[in-house]
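Shown next, in structure tokens, is the structure this report addresses.
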Amino acid sequence: MYKVLLEQDLVPQIHLFRMAAPAVARKARAGQFVVVRIDEKGERIPLTIADYDAKEGTVTIVFMEVGATTARLALLKEGDAIADFVGPLGVPAEIEKFGTVACVAGGVGAAVVAPIARALKEAGNKIITILGTRSKELLFWEDVLKASSDEMIVTTDDGSYGRKGVVTEPLKELLESGQKIDRVVAIGPVVMMKFCALTTLPFKVKTIVSLNPIMVDGTGMCGCCRVSVGGETKFACVDGPDFDGHKVDWDLVAARQRIYLGEEKCAYEEWQKSHSS
Amino acid sequence: MAKLNLNRVEMPRQSPKKRAKNFNEVALGYSLEQAQEEASRCIQCPKRNCVEGCPVGVDIPDFIKAIREGDMPEAVKVLKSKNALPGICGRVCPQESQCEATCTLAKKEAPIAIGRLERFVADWERANTGATKNSPKSPKATGKKVAVVGSGPAGLTAAADLAKLGHSVTIFEALHVAGGVLMYGIPEFRLPKAIVQSEVDYVASLGVKIELDSVVGKLATLDEILADGYNAVFLGTGAGLPMFLGYPSENLNGIYSANEFLTRVNLMKAYLFPDYDTPVKVGKQVAVIGGGNVAMDSARCALRLGADKVYIVYRRSEVELPARREEVENAMEEGIEFRYLTNPKQFLGNDQNWVVGMECHQMELGSPDESGRRRPLVKEGSEFVIDVDEVIVALGTRPNPLIASTTEGLETTKWGTVVADEATGKTVKDKVWAGGDIVTGSATVISAMGAGKVAAADIDKFLRG
């Protein structure tokens, strides 16, 4: 069993758990993920590692409540435990000195970008962070990202905080400004990553995205997470989760995310019914 | 000499109509009377061909004699002294090509039903004394530590043998339960998970420590395990990487690898969704590509989940089917439709990326290939479409490259299998042995157990050396 040491509601529907997982913490690197299963009847879901501390033996995950499993997870309190916490899985993010890196984070993606931005900063890169959410109430970790950033731009769709609009607008301006951008890291909802990649394509700036398809084992055994990158089928769990955003077949990523839409809705409704009664 | 009794005692089974709608075990097992009747047919040959036919060398005539005499505790003792997993082997071993094939009565086409008797003994023990009650007394500890990577049939067997020899054994398992393919791959109706769990518990009762959720190569590398004070490592990680056809249309929604489909159904219990959280798609028209045991298992699961029509699509003909005959017959009885000499050319999808059909070629058989089977050849212009809304690709598996790619000094083949000495299981890397599907590519439960046994003996020799 793996214990929840710290539980925070970052914003409505987005939660942070600091888990006791010393062995995983020892090996975790930015960009990797864990597979989590709550209990005997639970499904296995992948969650990206938001932070890790080898000395304390902890791994932090941040997740959004989107269905039955994440809703059940959100109910756990400090001191509660989950059955399984498997990792660190996937290939770590590529960290070296590239020069100037634009880190673009959308919504819950802020938690995934944070350790990557920090590692890139420690490797000597200049970091320009663009953080976007729908509105001010959904914004979190501005301070965490700021600590690793030389420049920081915040956008909200409704203009309730920072600049009004979506992240691709300041990204495009940045690329047009003539400032040399050596690499872009864009992590967030599929549609946001897709449009970031489309934005950077004409400027030929390498754009790394982190894919989070449906998985079961997370170790290359099932092939559920297959994605098409540059015309080749890859397993996101072992070949990724980071890929070249210019080569990803985004329509396929979006379509394969919808495989269990009906079942997910059914399970969420069942859970809500049983939970309210 | 008494007259030979050539009437094999049949084992009761659920009727095809009934079992096609549930996940309960198909075969129901012998009663004590049936087991004793079958056991009494054994002529106790002085030359024990059956034992030689068993990859783990079970003293078959001895446990059969004990059944006949009604001494069940003795039967259990004899069986488990060589085989830690009898309830599993009695169900999934291909006895017809091993012990039963070498049985003297096989010449009269009535070999003793050794598998059914083995199953009976294991089930008797579980029901009457519990599978862990008869664990041997703790041997003298050698003070040597052995790591076993993977808890499938090879790993469990190696771990049990090494523990019985007094070594301190830890199994590292990537999934959340031990058992490997016995848990995620073979369906409940063929091998109930409670039986696997009880035999895993028996191995644990020998003093074997089982670390779940431990992905070797990620959580710790093989070299880190060795540096951590383990004196030897046995690699039994199997062949877990699914093979696909490699067609661009293969990523349509509704196309599963057999590994994914079976893992969802067996390991994650998707057949109990939404009581269990993991879903699986239930197609109306399902095509399973392949002709092995995994294809049969996938097809029969799809049927039980409620498919109207399930096809086995196989590029050769019936005689070349690699699956066990018994499983093919079970599938046929349940209503699985076999489309022989048929090979997919491409998958057809709708605008939502869902599979709606499979374009196939008709095949014909040419001259034999290197496997000795006649090579299937495409009949030009023979394309036709099968309407399907789910496809399960069961074309075999390869070893997962995770460990080999993170370990210095392991030799692998172009198929990704690890090179190991057949007689000892020793790899070219110091202190590392390997056995089972990781060495041979996908094979059988019992051959993996045999390899685990061979390696355990050699590891023991090395540790005492």
Side-chain angles (χ1 to χ4, degrees), chain A residues 2 21 23-24 26-28 32 34-35 37-45 67-69 72 83-90 214-228 231-233 235 238 249 251-252 254-260 262-264 266-271, chain B residues 174-177 184-185 211-221 224 237-244 246-248 250-264 267-270 272-282 349 351-354 393 397 400-402 405:
Chain A
Y2 301 81
V24 182
R26 238 184 343 260
K27 293 307 279 283
Q32 289 187 295
V34 289
V35 162
R37 192 180 71 129
I38 301 176
D39 55 24
E40 174 55 31
K41 293 185 175 179
E43 62 180 335
R44 294 170 65 101
I45 60 163
T69 294
R72 279 215 290 143
D84 303 285
F85 192 82
V86 190
L89 301 173
I214 301 169
M215 294 184 187
V216 184
D217 63 291
T219 63
M221 200 180 102
C222 80
C224 175
C225 65
R226 53 199 197 274
V227 293
S228 176
E232 259 183 78
T233 294
F235 289 5
V238 287
D249 179 342
D251 292 343
L252 184 68
R256 289 190 62 84
Q257 269 193 336
R258 292 193 297 265
I259 295 178
Y260 297 103
E263 288 81 0
E264 285 162 3
C266 151
Y268 200 16
E269 283 169 2
E270 284 273 312
W271 181 85
Chain B
L175 288 172
H176 56 262
V177 290
Y184 76 74
E211 297 278 1
L212 301 172
D213 293 344
S214 300
V215 184
V216 172
K218 288 288 181 188
L219 198 62
T221 63
E224 285 166 339
T237 51
L241 199 72
M243 294 209 261
F244 284 95
Y247 301 165
E250 207 162 20
N251 294 331
L252 288 168
N253 293 1
I255 302 184
Y256 284 105
S257 73
N259 256 13
E260 178 186 356
F261 181 75
L262 292 173
T263 298
R264 284 181 179 272
L267 178 72
M268 306 309 297
K269 299 199 170 27
L272 300 173
F273 178 86
D275 186 31
Y276 278 69
D277 293 343
T278 305
V280 69
K281 278 286 165 192
V282 184
D351 59 356
Q352 299 291 306
N353 198 55
W354 278 94
V393 182
T397 52
N400 193 315
L402 199 52
S405 66

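Residue numbers begin at 1 in each chain, while the letters A, B, ... track the order of the sequences. Note that the coordinates shown come from a computational prediction; the quantities given were computed from them, not determined experimentally. Only this structure's heavy atoms are used, side chains among them; waters, hydrogens and symmetry mates stay out.
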* To do: Identify which part of A:R256 has an atom lying under 4.5 Å from any heavy atom of chain B, answering side chain, backbone, both or neither.
  => both

* State, to 0.1 Å, how close A:K27 and B:A220 come at their nearest heavy-atom pair, and which atoms those are. => NZ-CA, 4.0 Å

* Part of B:P248 within contact of chain A (heavy atom distance under 4.5 Å) -> neither

* Structure fact -> Closest non-hydrogen contact found for B:Q352 with A:A255 is O-CB, 4.4 Å

* Between chain B and each of A:G220, A:G67, A:G218, count heavy-atom pairs under 4.5 Å; write down the option with the most. => A:G220

* Structure fact -> If you tally heavy-atom pairs under 4.5 Å between each of A:A267, A:G223, A:P88, A:A23 and chain B, the highest tally belongs to A:P88

* Structure fact -> The reported gap from SG in A:C222 to OH in B:Y184 (rounded to nearest 0.5 angstrom) is 11.0 Å

* To do: Among A:L89, A:V35, A:D217, find the one that has a side-chain contact (heavy atoms from CB on, under 4.5 Å) with B:V215.
  => A:L89

* Considering residues at least two apart in sequence or located in another chain, which fulfil the side chain to side chain donor-acceptor pair (under 3.5 Å) criterion with A:E264? -> none

* **Engaged part of A:K41 at the chain B interface, taking heavy atoms whose separation is under 4.5 Å** => both

* Could you tell me whether B:K269 and A:E40 have a side-chain N and a carboxylate O separated by less than 4.0 Å? => no

* Structure fact -> Most contact-rich option vs chain A, by heavy-atom pairs under 4.5 angstrom, among B:I255, B:L402, B:L262, is B:I255

* Asked: Is it the backbone or the side chain of B:A270 that comes under 4.5 Å from a heavy atom of chain A, or both, or neither?
  -> neither

* Tell me, for A:V216 versus chain B, whether the close heavy atoms (under 4.5 Å) come from the side chain, the backbone, both or neither. => side chain

* Structure fact -> Under 4.5 Å to a heavy atom of chain A? For B:E211 that would be neither

* To do: Taking side chain to side chain contact (heavy atoms under 4.5 Å, CB included) as the test, write out the residues that go with B:D277, two or more places apart.
  => A:E43, A:T69, A:R72

* To do: Identify which part of B:F244 has an atom lying under 4.5 Å from any heavy atom of chain A, answering side chain, backbone, both or neither.
  => side chain

* Can you tell which part of B:N400 gets under 4.5 Å to a heavy atom of chain A, answering side chain, backbone, both or neither? => side chain

* Please state whether the side chain, the backbone, both or neither of B:L252 comes within less than 4.5 Å of a heavy atom of chain A. => backbone

* Just wondering, do A:F235 and B:P242 contact through their side chains at under 4.5 Å, heavy atoms? -> yes

* Asked: What part of A:Y2 is in contact with chain B, defined as an atom under 4.5 angstrom from a non-hydrogen atom: side chain, backbone, both or neither?
  -> side chain

* Using a cut-off of under 4.5 Å for heavy-atom pairs, which of B:P279, B:S214, B:P401 has the most such pairs with chain A? -> B:P279

* Where is the tightest heavy-atom contact between A:G90 and B:K218, given as atom of each residue plus distance? -> O-NZ, 2.9 Å

* Asked: For A:C266, is it the side chain, the backbone, both, or neither that has a heavy atom closer than 4.5 Å to a heavy atom of chain B?
  -> side chain

* To do: For the pair B:N259 (side chain) and A:M221 (backbone), establish whether a donor and an acceptor sit closer than 3.5 Å, ignoring hydrogens and angles.
  => yes

* In terms of heavy-atom proximity below 4.5 Å to chain B, should A:A68 be classed as side chain, backbone, both, or neither? -> neither

* **Salt bridge B:E250-A:R226, side-chain N to carboxylate O under 4.0 Å** => no

* Structure fact -> Cut-off 4.5 Å, heavy atoms of chain B, and the answer for A:A28 is neither

* Structure fact -> Interatomic distance, CD1@A:I259 vs CG@B:N353, rounded to 0.5 Å, equals 8.0 Å

* Structure fact -> Interatomic distance, OG1@B:T263 vs CZ@A:R44, rounded to 0.5 Å, equals 9.5 Å

